[in-house]
Amino acid sequence: MIDLSLLRNNPEEVKANLSLRGFDLDISLWETLEKNRKAFQVEMENFQAEQNKIAKEIGLAQKNNESIEDLKSKATKISSDLKDAKEKFKTNKLAYEDFLLNIPNLLDPSVPPGKSEEDNELIKKVGKIPSFEFTPKDHQELGISTDGMDFEAAVKISKSRFVVFKNSIAQLNRALIQFMLNTHTNDHGYKEIYVPFIVNKDSLLGTGQLPKFKEDQFQIKDDENEMYLIPTAEVPVTNYHRDEILDSSDLTLSYVSHTPCFRSEAGSYGLDTRGIIRQHQFEKVELVKISHPDKSSQDLEQLTSDAERILELLELPYRKVKLCAGDIGFGSALTYDLEVWLPSQNKYREISSCSNYKDFQSRRLKIRTDEKDSKVLCHTLNGSGLAVGRTMAAILENFQEKSGSVKIPKVLRPFMNDQEVL
RNA sequence: GGAGAGGUGGCUGAGUGGUUGAAAGCGCUCCCCUGCUAAGGGAGUAUGUGGUAAUACCGCAUCGAGGGUUCGAAUCCCUCCCUCUCCGCCA
């Protein structure tokens with residue numbers, strides 16, 4: 001959620017910023033909602049204050065054996081006025097909150113202008129794009145030919161956009177997870193954390209997937225509670241500190257967590273239907289940082305380079321781009337995408353999205369830190385380190401050989417019984 | 001799943017309808033005293049939100065969550081969540 005005082009005091013500035021990402025802030029609607037909110041709230045609180053006062057007077061009068069009839073009839077009237085005022089306030093408040101929860105985050109000034117991914121700013125390219133003297137296969141073909149992937153079985157067991165891993169591919173999947181977790185905990189100072197994969201509504205509201213992206217979530221059938229499968233570890237890990245005031249000397253908090261992720265992929269029919277690039281379920285090793293606001297920009301650079309290091313150690317060619325205003329996510333103020341080279345598609349594909357949410361999530365989550373005599377909202381950051389399925393696809397495709405075998409990156413071999421090819 | 005007991009401020013823990021946002025203790029902060037140390041005395045010590053430019057002042061809300069009864073609810077009623085003990089089941 002964006003800063004209310006900024007929206008109240010300087011709506012034009014907010015509108016101008018949001019328009020860069022193509023969001024049209026309806027200022028006159030906002031002003032009406034805000035005017036009503038203020039009027040209804042003041043009215044309601046005045047009645048409440050009056051009621052509190054009379055209730056005390058009644059108590060006092062009763063104690064002194066004085067008549068309370070007059071006071072009581074007055075109180076009854078106020079009580080009913082208060083009830084009406086509360087009703088009015090509540091109704092307006094719903095629309096008010098809905099309006100606010102659907103406003104995206106303000107963009108960092110460094111975000112380049114642009115409408116689509118075409119306009120993202122290239123930061124750097126790393127590694128050499130492989131050239132093949134044969135026609136490279138895609139990862140699905142390689143996965144099947146090495147007897148490591150079964151898409152048909154997945155459809156039988158579940159439905160489309162799922163996969164079964166077997167044999168060396170299943171092992172490679174596990175090796176990648178282990179390698180990533182080890183690197184981030186041993187070399188980059190992240191604390192490993194294991195979290196629930198099913199979360200409640202408040203958690204998704206806190207990190208911003210709700211209310212706007214309900215369609216993208218898998219909701220669990222549960223009569224009592226509104227529960228969802230996590231779309232990313234960002235949700236449970238960031239919510240770990242919901243409603244907390246963190247000791248400033250403990251910041252920056254850095255977490256790494258491996259979880260499966262579940263996405264309904266509603267509206268992506270026809271996109272990436274082949275292979276494991278876009279599945280309903282995939283593994284991800286996620287990096288999350290909770291920072292002091294003064295430090296978050298620096299922390300985003302660090303987090304991104306920690307994710308990049310995985311690509312470098314795996315010797316995968318990739319590029320780093322800064323997302324433009326039109327392509328950046330709803331809650332993010334600044335995002336770097338890491339894109340790995342996929343030979344079968346002859347282009348770079350997103351493998352990690354590293355974002356600084358600044359105080360957008362922490363305002364919803366109430367994650368604060370103490371500062372002298374006051375409390376300030378922390379900044380939250382996250383990024384994949386990396387998406388495991390896409391990493392696997394990249395390894396298969398980039399390191400394939402004419403024979404159809406695939407060279408396993410050196411750093412993974414210790415996790416694969418020193419196997420060199422698959 | 002069955003039976004029972006509970007959920008109060010940073011912590012422990014009082015409080016069954018009325019000046020209780022909440023006793024007391026611990027912890028913490030500041031001050032005083034004590035030639036060091038130990039001890040002692042005093043004051044302060046929640047969060048959110050609104051009126052506001054304000055970390056000044058005032059109001060409102062918050063005693064697991066949400067409803068209800070009442071002039072008035074931490075206290076009474078209902079639903080839900082969670083914790084603990086015993087039994088059952090179970091990876």
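Under 4.0 angstrom from either OP1 or OP2 of B:G48 there lies at least one side-chain N or O belonging to A:R368. A:K77 has no side-chain polar atom (N or O) that falls below the 4.0 Å cut-off from OP1 or OP2 of B:C71. Contact annotation: A:R363 does not reach the phosphate of B:G48 (side-chain N/O to OP1 or OP2, under 4.0 Å). OP1 or OP2 of B:G72 has at least one side-chain nitrogen or oxygen of A:S79 nearer than 4.0 Å.
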Identify each atom pair where a protein N or O and an N or O of nucleotides 76-81 of chain B are less than 3.5 Å apart, giving names and distance.
none

Would you list the protein and nucleotides 44-46 of chain B atom pairs, both N or O, that sit under 3.5 Å from each other?
none

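B:A54: no Watson-Crick or G-U partner with both key distances under 3.5 Å is found in any strand. With a cut-off of 3.5 Å on both pairing distances, the Watson-Crick or G-U wobble partner of B:A65 is B:U79. With a cut-off of 3.5 Å on both Watson-Crick or G-U wobble distances, the partner of B:G18 is given as B:C71. Of the nucleotides present, none pairs with B:U34 by Watson-Crick or G-U wobble criteria with both distances under 3.5 Å. The partner of B:G1, taking Watson-Crick or G-U wobble pairs whose two distances both stay under 3.5 Å, is B:C87. Base pairing of B:U29 is made with B:A43, judged by Watson-Crick or G-U wobble geometry with both donor-acceptor distances under 3.5 Å.
In this structure, A:E97 places its CD atom 12 Å from C1' of B:U49, rounding to the nearest Å. Distance CG (A:L377) to C1' (B:U47): 13 Å, rounded to an integer number of Å. Counting to the nearest Å, the C1' atom of B:G72 and the CD1 atom of A:I54 are 11 Å from each other. Between the CE atom of A:M1 and the P atom of B:G48 there is a distance of 14 Å, given to the nearest Å.
A cation-pi contact, defined as under 6.0 Å to the ring centre and within 45° of the axis, links A:K320 to A:Y336.
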| message | For a quick check, with a 4.0 angstrom heavy-atom cut-off, what is the B/S/- contact string for nucleotides 59-70 of chain B, read 5' to 3'? | response | BSS-----S---
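Between A:V42 and A:L71, the one whose closest nucleotide on RNA chain B sits nearer the 5' end is A:V42. Checking A:R37 against A:I245, the closest nucleotide of RNA chain B that is more toward the 5' end is the one next to A:I245.
Between A:R37 and A:E34, at least one side-chain N (NZ, or NE/NH1/NH2) sits under 4.0 Å from a carboxylate O, which counts as a salt bridge. The residues A:D119 and A:K115 are annotated as not salt-bridged, no charged nitrogen and carboxylate oxygen being separated by less than 4.0 angstrom.
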| message | Before you tell me yes or no, could you show the steps for A:S79 and A:T76 under side-chain hydrogen bond (donor to acceptor under 3.5 Å, both in side chains), namely the whole-Å CA-CA distance, both residues' side-chain angles and the distance that decides it to 0.1 Å? | response | CA-CA 5 Å; A:S79 178; A:T76 307; over 6 Å; no
| field | A:R263 and A:E265: CA distance, side-chain angles, deciding distance, salt bridge (charged side-chain N to carboxylate O under 4.0 Å, His left out) verdict | value | CA-CA 5 Å; A:R263 306 211 175 156; A:E265 293 299 340; 5.4 Å; no
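A:F99 and A:W30 have parallel rings, their planes meeting at less than 30° on a 0 to 90° scale where 60° marks the start of perpendicular.
A side-chain donor-acceptor contact under 3.5 Å links A:Q419 to the backbone of A:V421.
Between A:L29 and the options A:I27, A:L25, A:D26, a side chain to side chain contact (heavy atoms under 4.5 Å, CB included) holds for only A:D26. If you run side chain to side chain donor-acceptor pair (under 3.5 Å) between A:S296 and each of A:K358, A:H379, A:K289, only A:H379 comes through.
The side chain of A:A75 approaches B:C71 more closely than any other nucleotide in the set B:G48, B:G50, B:C71. Among the nucleotides B:G51, B:G21, B:G48, the one closest to the side chain of A:K56 is B:G21.
A:Y194 and A:H258 have their aromatic ring centers separated by at least 6.0 angstrom. In this structure, A:Y190 has its ring center no closer than 6.0 Å to that of A:Y255.
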